[in-house]
Amino acid sequence: DYGYYAIGTAQTEQIPCPSGRYTNMVGQTSCEEVAAGFYASPIGDSDGTGVASAAQDATACPIGRYGATAGATACEPCSSGYYAEFQSQTVCQVVPAGKYPQNSANAATNIAAVMVAPCASGYYSEEGWSNCVIAPAGSFAADTNGDATDTAATQAPYCVAGRYSTYPGQSECVACE
């Protein structure tokens, strides 16, 4: 059967593939180890014996999760400040500066992120941050060059002499009157 193998001759039973291994053909003498970025786990009590039957195939790690090593039985969620936008990833990407991680419903998330979105006006983030923070009063949201920006700010430098921002979340400083 799929998910089982037999070695030698005159066997009376099949052997289920061990965790992290699978067979997707009948009559096998060994099981294949799943590659990194994939997983293989038992599919449940499909034969009615109360024993979990072995994996019949390697399954790609879904978006938001990764498989760093071969032979995995599950994929790990990307941790805070990281995301995985494709299936079968072996590592998660770091969230770039000026962005924050989102889940598949376009909502901000701290784990298992599948994409990134730019910080809103008046907010900024640095590389690897899991959220955007508001630029404090006396500063402004700026890009990597220090220029004022409406979205995807990567820093919040203080206003220079002769300019000010009274409230948090400003995307520019105004000249003193």
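Starting from 1, each residue takes its place in the sequence as its number. Note: hydrogens, waters and symmetry copies are ignored here, and every other heavy atom, side chains too, is used.
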Just distance, no hydrogens or angles: give the donor-acceptor pairs under 3.5 Å from side chains in residues 61-69, sequence neighbours left out.
residue: Arg65; atom: NH1; partner: Cys75; partner atom: O; Å: 3.2

Gln170 (side chain) donor-acceptor with Thr166 (main chain) under 3.5 angstrom:
no
Do Asp143 and Thr149 have side-chain atoms, one donor and one acceptor, less than 3.5 Å apart?
no
With a 4.5 Å limit on heavy-atom distance, are the side chains of Tyr82 and Val94 in contact?
yes
Tyr100 vs Ser130 side-chain heavy atoms within contact, under 4.5 Å
no
Close side-chain approach of Val114 and Tyr83, heavy atoms under 4.5 Å
no
Non-hydrogen atoms of Cys176 and Tyr164 that approach each other most closely:
SG-CD2, 4.0 Å
Exercise: identify the closest heavy-atom pair between Ala156 and Ser139:
O-CB, 3.6 Å
To the nearest 0.5 Å, atom CG of Asn24 lies from atom SG of Cys17 at 9.5 Å
May I ask you to test the Thr73-Tyr39 pair for a side-chain heavy-atom distance under 4.5 Å?
no
Asn103 side-chain N/O to Ala105 backbone N/O, donor-acceptor pair under 3.5 Å
yes
Just grab all the disulfide (SG to SG under 2.5 Å) pairs involving residues 124-165, residues at least two apart or on different chains.
Cys119-Cys132, Cys159-Cys173
For the OH atom of Tyr4 and the CD atom of Gln56, what is their distance to the nearest 0.5 Å?
8.5 Å
Please output the side-chain donor-acceptor pairs of residues 26-38 that fall under 3.5 Å, not counting sequence neighbours, one pair per line with the distance.
residue: Gln28; atom: NE2; partner: Val26; partner atom: O; Å: 3.4

Do you know which of Gln102, Glu85, Lys99 makes side-chain contact (heavy atoms from CB on, under 4.5 Å) with Val116?
Lys99
CD/Glu172 to OG/Ser165 distance, rounded to the nearest 0.5 angstrom?
10.0 Å
Going through the distances and angles, do Tyr124 and Thr154 end up as a side chain to side chain contact (heavy atoms under 4.5 Å, CB included)?
CA-CA 5 Å; Tyr124 73 101; Thr154 60; over 6 Å; no
Please give me the minimum heavy-atom distance between Ala112 and Pro77, naming the atom from each residue.
CB-CB, 3.9 Å
